[in-house]
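What you see below is based on every heavy atom in this structure, not just the backbone, and it leaves out hydrogens, waters and symmetry mates. Both counts, for ligands and for their atoms, begin at 1 and track the order of listing. All residue numbers refer to positions in the sequence shown, counting from 1.
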Amino acid sequence: MATILITGASRGIGLELACQYAEAGETVIATCREPDSANALKHLAQSHENVEIEALDVVDSLAILSLASLLAKRGTQLDLLINNAGVLVHEAPGEWTAEGFSATLETNAVAPAIVMQAFSKVMAEGGKMISISSGLGSFGLNIDFGGPTGTYAASKAALNMAICQLAPLFKAKGLVIAAFNPGWVKTDMGGQEAALTVEESVSSLRKSFESLSLAQSGLFFDLDGSPLPW
Ligand code: NDP
């Protein structure tokens, strides 16, 4: 059975990833910033002994290092790391704030890069490090330029570039690294008018993660595994 670490597993896509992998019998290390108030996740862990909850605020680099070193000490190796935690701050162009933009970049771009660097040391051979990006971060797709999701889009573009920059190093170590667009999903972030349920998005993502090969490392994919432009 695979061992899978997920960030931001308290709700939305992260919680559904934890649920589906738990049901499939995989060992799930579900991380979230406030385990005490993550009721749905606690419920999942109570009913599935293959689910362990660990506290991890992804903007806390010391906490990232400390969890990676805990896993190393106890000999846990990850087959799959999923950088899922993310934030969206709606700010219209012309009204961006330094606080909003910085916090968005920190959570959506800096944190996943630091998480990958730290956990690369506890990845199993051939392990996969996936980051949940967004079509909004693609220059090629050119979605909603000028809209209120501009700082979010910039943060996902930064994440995509971080993946391109880290890919050669990790690929040389035999690790797969990739960005995925989960689609427009009904969550607190995506809103209830979104096209896909979390179940649909995550089922499709899981199949695509499974079939991802080392040759495809360093690329950006849609949820069904088809390639996307950066
Ligand atoms: P939600 O807003 O529903 O959930 C976001 C999750 O990220 C929560 O679990 C939240 O934890 C967690 N999180 C935020 N900041 C931190 C942090 N500093 N440390 C740890 N966890 C944190 O969003 P989604 O489930 O929709 O989004 C998941 C990912 O998918 C994100 O990266 C998002 O950008 C991406 N995405 C989503 C789309 C959609 O349509 N929904 C479309 C494209 C991409 P807490 O409960 O503590 O706040």
Side-chain angles (χ1 to χ4, degrees), residues 5-20 28-44 53-64 66-67 81-90 100 102-116 118-119 129-138 141 143-144 147-160 162-163 178-202 204-206 208-209 220-224 228:
L5 188 144
I6 304 161
T7 68
S10 55
R11 55 197 168 93
I13 294 169
L15 175 63
E16 182 64 20
L17 282 162
C19 289
Q20 289 196 19
V28 179
I29 304 173
T31 73
C32 63
R33 54 182 162 182
E34 283 179 21
D36 287 348
S37 53
N39 291 330
L41 188 56
K42 283 198 289 190
H43 181 72
L44 180 71
I53 302 177
E54 293 291 345
L56 182 64
D57 184 329
V58 295
V59 300
D60 181 345
S61 14
L62 280 181
I64 293 170
S66 141
L67 181 56
L81 166 72
I82 307 176
N83 261 322
N84 163 78
V87 291
L88 165 58
V89 179
H90 284 276
S102 301
T104 304
L105 279 171
E106 192 180 11
T107 306
N108 295 356
V110 180
I114 302 305
V115 164
M116 284 187 281
F119 287 96
M129 298 195 289
I130 308 287
S131 294
I132 306 296
S133 184
S134 168
L136 291 172
S138 161
L141 292 177
I143 304 169
D144 202 25
T149 52
T151 54
Y152 173 83
S155 74
K156 293 296 191 178
L159 168 63
N160 290 353
I163 287 167
F180 272 82
N181 171 38
W184 186 23
V185 191
K186 291 185 211 302
T187 62
D188 292 339
M189 185 186 292
Q192 286 313 302
E193 70 282 14
L196 300 170
T197 63
V198 275
E199 292 83 1
E200 290 166 336
S201 170
V202 167
S204 181
L205 286 169
R206 282 176 55 221
S208 302
F209 298 167
F220 184 23
F221 299 96
D222 213 351
L223 64 160
D224 64 0
L228 287 177

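Between the OG atom of S37 and the NZ atom of K42 there is a distance of 7.5 Å, given to the nearest 0.5 Å. In this structure, CD on Q20 lies 10.5 Å from CG on L15, to the nearest 0.5 angstrom. Atom CG in L41 sits 8.0 Å away from atom SG in C19 (nearest 0.5 Å). Atom NZ of K156 is separated from atom CG of L136 by 9.5 Å, given to the nearest 0.5 angstrom. Taking CD1 of I130 as the start and CE of M116 as the end, the distance is 10.0 Å to the nearest 0.5 Å.
Close approach of ligand 1 to I132 (heavy-atom distance below 4.0 Å) involves ligand atoms 29 (C), 30 (O), 32 (O), 35 (C). For ligand 1, the atoms closer than 4.0 angstrom to any heavy atom of L56 are 19 (N), 20 (C). Here is the list of ligand 1 atoms found below 4.0 Å of a heavy atom in D57: 17 (C), 18 (N), 19 (N). Each of the atoms 3 (O) of ligand 1 lies under 4.0 Å from some heavy atom of D188. The contact set between ligand 1 and G12, taken as ligand atoms under 4.0 Å from a residue heavy atom, comprises 3 (O), 25 (O). Residue G8 approaches ligand 1 through these ligand atoms, each under 4.0 Å from one of its heavy atoms: 6 (C), 9 (O), 12 (C), 21 (N).
The backbone N or O of L223 sits less than 3.5 Å from a side-chain atom of S208, completing a donor-acceptor pair. A distance-only check finds no donor-acceptor pair linking the side chain of T31 to the backbone of A55 [under 3.5 Å]. Judged purely by atom type and a 3.5 angstrom limit, S131 has no side-chain atom pairing as donor or acceptor with the backbone of S133. Although no hydrogens or angles enter the test, the distance criterion places no donor-acceptor pair under 3.5 Å between the side chain of N84 and the main chain of I132. At distances below 3.5 Å, not a single donor-acceptor pair connects side-chain atoms of S201 with backbone N or O atoms of L196. Checked by atom type and distance alone, the side chain of K186 never pairs as donor or acceptor with a backbone atom of V198 at under 3.5 Å. Judged by distance alone, with hydrogens and angles left aside, the side-chain atoms of T7 form a donor-acceptor pair with the main-chain N or O of A85 at under 3.5 Å. For the pair T107 (side chain) and A103 (backbone), a donor-acceptor distance under 3.5 Å is present. T149 places no side-chain N or O within donor-acceptor distance of the main-chain N or O of Y152, the cut-off being under 3.5 Å. A donor-acceptor pair is defined here as one N or O able to donate and one able to accept, closer than 3.5 Å; such a pair exists between the side chain of N181 and the backbone of G135.
Using 4.0 Å as the threshold, G183 has a heavy atom nearer than that to some atom of ligand 1. Not a single heavy atom of L136 sits under 4.0 Å from any atom of ligand 1. In this structure, A194 falls outside the shell of residues with a heavy atom less than 4.0 angstrom from ligand 1. Distances from ligand 1 to the non-hydrogen atoms of G135 include no value under 4.0 Å.
Residue-to-ligand polar distances place T187 within reach of ligand 1: an N/O pair is separated by less than 3.5 Å. In terms of N/O distances under 3.5 Å, ligand 1 is not approached by A9. Taking any N or O of R33, backbone or side chain, at least one lies under 3.5 Å from an N or O belonging to ligand 1. Residue V185 places at least one N or O, backbone or side chain, under 3.5 Å from an N or O of ligand 1. The distance criterion of under 3.5 Å between nitrogen or oxygen atoms is not met by S134 with respect to ligand 1. Some N or O of V58 is nearer than 3.5 Å to an N or O of ligand 1, by distance alone.
A85 CB, 3.8 Å is the protein heavy atom nearest to atom 13 (N) of ligand 1. Looking only at heavy atoms of the protein, atom 31 (C) of ligand 1 is closest to N84 O, 3.1 Å. For atom 25 (O) of ligand 1, the closest non-hydrogen atom of the protein is I13 N, 2.8 Å. Annotation: atom 2 (O) of ligand 1 to nearest protein heavy atom, R11 NH1, 3.3 Å. The protein atom (non-hydrogen) at minimum distance from atom 23 (O) of ligand 1 is M189 CB, 3.4 Å. Of all protein heavy atoms, the one closest to atom 9 (O) of ligand 1 is S10 OG, 2.7 Å.
The side chain of T107, and not its backbone, has at least one atom closer than 4.0 Å to an atom of ligand 1 (non-hydrogen atoms only; side chain from C-beta on). No part of K186 comes within 4.0 Å of ligand 1, judged by heavy-atom distances. When non-hydrogen atoms are compared, ligand 1 lies under 4.0 Å from the side chain of V87 (C-beta onward) but not from its backbone. Of the heavy atoms in A111, none comes closer than 4.0 Å to ligand 1.
For the side-chain contact (heavy atoms from CB on, under 4.5 Å) test with L5, the passing option among L67, N83, I82 is L67; the others fail.
Taking all heavy atoms of G191, G86, S133 into account, the minimum distance to atom 44 (C) of ligand 1 is reached by S133. The heavy atom nearest to atom 34 (O) of ligand 1, considering only F180, Y152, W184, is found in Y152.
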